[in-house]
Amino acid sequence: MRRSIYLDYNATAPVRPEVIEAVTSALKQTGNPSSIHEYGRAARRLVEDARAEIATLVGSKPARVVFTSGGTEANNLVLKGSGRNRILVSSIEHPSVLQVCEGALQIPVDENGNLQLAALEKLLDEDGENTLVSVMMANNETGVLQPIDQIVKLAHDKGALVHCDAVQAAGKVSINCEELGIDFTTISSHKLGGPQGMGALILGKGLEITSQQLGGGQERRRRGGTENVPGIAGFGIAAKLSLEGLSDMQKKTQVREAMEQKLLTAAPMARVFGANTPRVPNTTTITMPGVPSDTQLMILDLEGYAVSSGSACSSGKVQTSHVLKAMGADDKVAGEAIRISTGWNSSPEDLDRFADAWIALFQRKGERPTDV
């Protein structure tokens, strides 16, 4: 029987067995973590143990970790509650940033997907002390890593604060919020192999946030509502395992590069977005010249390969990527790109088999130089 191969970790990662065990165990416990009796204290221990693991993953302190229902809520919380009225965002941000800040000023990127620092510096010259800069650490579509240290320095020199959506970076590259000086950091559980519906906002030293969800004093009055103890417990285990697996994750760079070279040898006109700049180890976005992305997705799915086109946060819609267009791709090129993303349970053989299927599809339907 044919084995389906899952290559859409940037959308969501398969839940780790250890996480399932932790969630199941927590579901068997009774207790509200705000209660002072034995049951409540046991639930509180699960929450605080997980908070410590998440703080360790991103190089912060447990007291600065605010649990949310996911990366989207965490982004909303900081963008609405930072106290800054002027928002600067990169042109390649996730919809959970762009749609919250429709009036925000956008910072352009170059053809490699790198933020144009000179443009940022110019924008910071005006009203810096009332400004929040929101730039993702790793792009969800291309995997391109931004120079967060330089962005933070530019912003802080002008009195601005920095929010970093690190949802696609956590567990793939080493993160130390304290050393980088990031003011607000967002991460998400289900990208790490944890349960869906859990995220966290990590605050910088001495910073606070205005709660957007009222009704209780939970999370140090930063986010009201009884904590999702089973989800938090699973999130903590996923964070711990992701940190332990960082060295193995780095090895995926060589496997990814070998696959990309194989694809480009077969299809020299194809474009790998962000190929000439640092990326997280697990992500490839590549065009198949002459074949629309939705056609690729359908055929590859029928052949047992789960990949995607851009972000998976648009109710299953295949849309022209604003990220690729910001990098200079026209509608045709952007409309021929798919994303392949691996993770904790992927093998080199998965990418090798996928490459063979991709090449076979290209040879049947693709646009080659001799066709022009």
Side-chain angles (χ1 to χ4, degrees), residues 58-61 64-109 114-140 145-170 175-188 199-213 219-223 322-323 326:
V58 298
S60 187
K61 306 292 185 184
R64 301 176 194 167
V65 175
V66 183
F67 286 118
T68 66
S69 65
T72 293
E73 186 193 339
N75 285 345
N76 273 255
L77 178 56
V78 65
L79 293 167
K80 294 176 179 179
S82 71
R84 299 297 174 101
N85 296 320
R86 183 171 181 262
I87 311 294
L88 306 181
V89 301
S90 83
S91 57
I92 57 171
E93 289 303 305
H94 190 272
S96 63
V97 168
L98 294 178
Q99 291 181 17
V100 177
C101 306
E102 292 184 351
L105 298 173
Q106 291 198 8
I107 314 156
V109 298
N114 297 129
L115 192 80
Q116 294 187 19
L117 295 175
L120 169 61
E121 188 170 16
K122 185 175 180 180
L123 287 167
L124 285 168
D125 283 337
E126 180 184 344
D127 201 14
E129 293 187 356
N130 189 39
T131 298
L132 174 72
V133 179
S134 183
V135 177
M136 55 177 30
M137 187 173 291
N139 186 262
N140 53 302
L145 288 160
Q146 297 298 335
I148 298 299
D149 55 344
Q150 297 178 59
I151 292 167
V152 168
K153 185 179 187 309
L154 283 173
H156 285 179
D157 284 349
K158 301 292 184 177
L161 297 177
V162 176
H163 165 236
C164 183
D165 179 341
V167 164
Q168 295 291 350
I175 300 174
N176 192 308
C177 296
E178 191 87 10
E179 290 182 359
L180 289 168
I182 304 170
D183 300 298
F184 306 99
T185 306
T186 296
I187 66 170
S188 176
L201 177 66
I202 297 91
L203 307 178
K205 184 177 180 180
L207 291 172
E208 275 302 337
I209 203 81
T210 301
S211 177
Q212 302 300 301
Q213 183 163 305
E219 296 302 290
R220 295 177 172 84
R221 300 191 178 278
R222 296 159 176 162
R223 197 262 190 185
H322 72 281
V323 172

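Heads up: numbering here begins at 1 and tracks the sequence. Only this structure's heavy atoms are used, side chains among them; waters, hydrogens and symmetry mates stay out.
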Can you tell me how far apart [atom1] ([X]) and [atom2] ([Y]) are? Round to the nearest 0.5 Å.
X: Thr131; Y: Asp125; atom1: OG1; atom2: CG; result: 10.5 Å
X: Ile202; Y: Ser60; atom1: CD1; atom2: OG; result: 6.5 Å
X: Leu123; Y: Leu88; atom1: CG; atom2: CG; result: 5.5 Å
X: Gln99; Y: Asn75; atom1: CD; atom2: CG; result: 11.5 Å
X: Asp149; Y: Asn176; atom1: CG; atom2: CG; result: 12.0 Å
X: Leu115; Y: Ser91; atom1: CG; atom2: OG; result: 7.5 Å

Using a strict threshold of under 4.0 Å (side-chain N to carboxylate O), is an ion pair present between Glu208 and Arg222?
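So Arg222 pairs with Glu208 through a salt bridge.
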Salt bridge flag under 4.0 Å for residues Lys153 and Asp157
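The answer is yes: the pair qualifies as a salt bridge.
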Work out which heavy atom in [X] is nearest to a heavy atom in [Y]; give both atom names and the distance.
X: Val97; Y: Ser134; result: CG1-OG, 3.8 Å
X: Ala200; Y: Ala74; result: O-CB, 3.8 Å
X: Ala166; Y: Ile175; result: CB-CD1, 4.1 Å
X: Thr185; Y: Cys177; result: OG1-SG, 3.3 Å
X: His322; Y: Ile92; result: NE2-C, 4.0 Å
X: Ser90; Y: Leu98; result: O-CD2, 3.9 Å

Evaluate the side-chain proximity of [Y] to [X]: yes if any heavy-atom separation is below 4.5 Å, no if none is.
X: Met136; Y: Gln168; answer: no
X: Gln146; Y: Ile151; answer: yes
X: Glu219; Y: Leu201; answer: no
X: Val167; Y: Asn140; answer: no
X: Gln212; Y: Thr210; answer: yes
X: Leu203; Y: Phe184; answer: yes
X: Leu79; Y: Leu132; answer: yes
X: Thr72; Y: Asn76; answer: yes

Hey, mind stepping through Thr186 and His163 against side-chain hydrogen bond (donor to acceptor under 3.5 Å, both in side chains) and telling me if it holds?
CA-CA 8 Å; Thr186 296; His163 165 236; 2.9 Å; yes
Does the Gln106 side chain pair with the main chain of Val89, one donor and one acceptor, at a distance under 3.5 Å?
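No, the answer is negative, given that no donor and acceptor are paired below the 3.5 Å cut-off.
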Give every residue pair that meets the salt bridge (charged side-chain N to carboxylate O under 4.0 Å, His left out) criterion with at least one member in residues 67-94, sequence neighbours excluded.
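Those involving residues 67-94 are Glu73-Arg223.
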Evaluate the side chain to side chain contact (heavy atoms under 4.5 Å, CB included) criterion for residues Ile107 and Val133: first the C-alpha distance (whole Å), next the side-chain angles of each, then the deciding distance (0.1 Å), finally the verdict.
CA-CA 10 Å; Ile107 314 156; Val133 179; 4.3 Å; yes
Can you tell me which residue among Asp183, Ile182, Val58, Ile187 is in a side chain to side chain contact (heavy atoms under 4.5 Å, CB included) with Cys164?
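Only one of Asp183, Ile182, Val58, Ile187 forms a side chain to side chain contact (heavy atoms under 4.5 Å, CB included) with Cys164, namely Ile182.
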Is the CZ atom of Arg220 crowded by more than 12 outside heavy atoms at less than 6.0 Å?
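Yes, because the 6.0 Å sphere around CZ of Arg220 holds more than 12 heavy atoms from other groups.
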Does Leu120 form a side chain to side chain contact (heavy atoms under 4.5 Å, CB included) with Lys122? I'd like the steps, not just the answer.
CA-CA 5 Å; Leu120 169 61; Lys122 185 175 180 180; over 6 Å; no
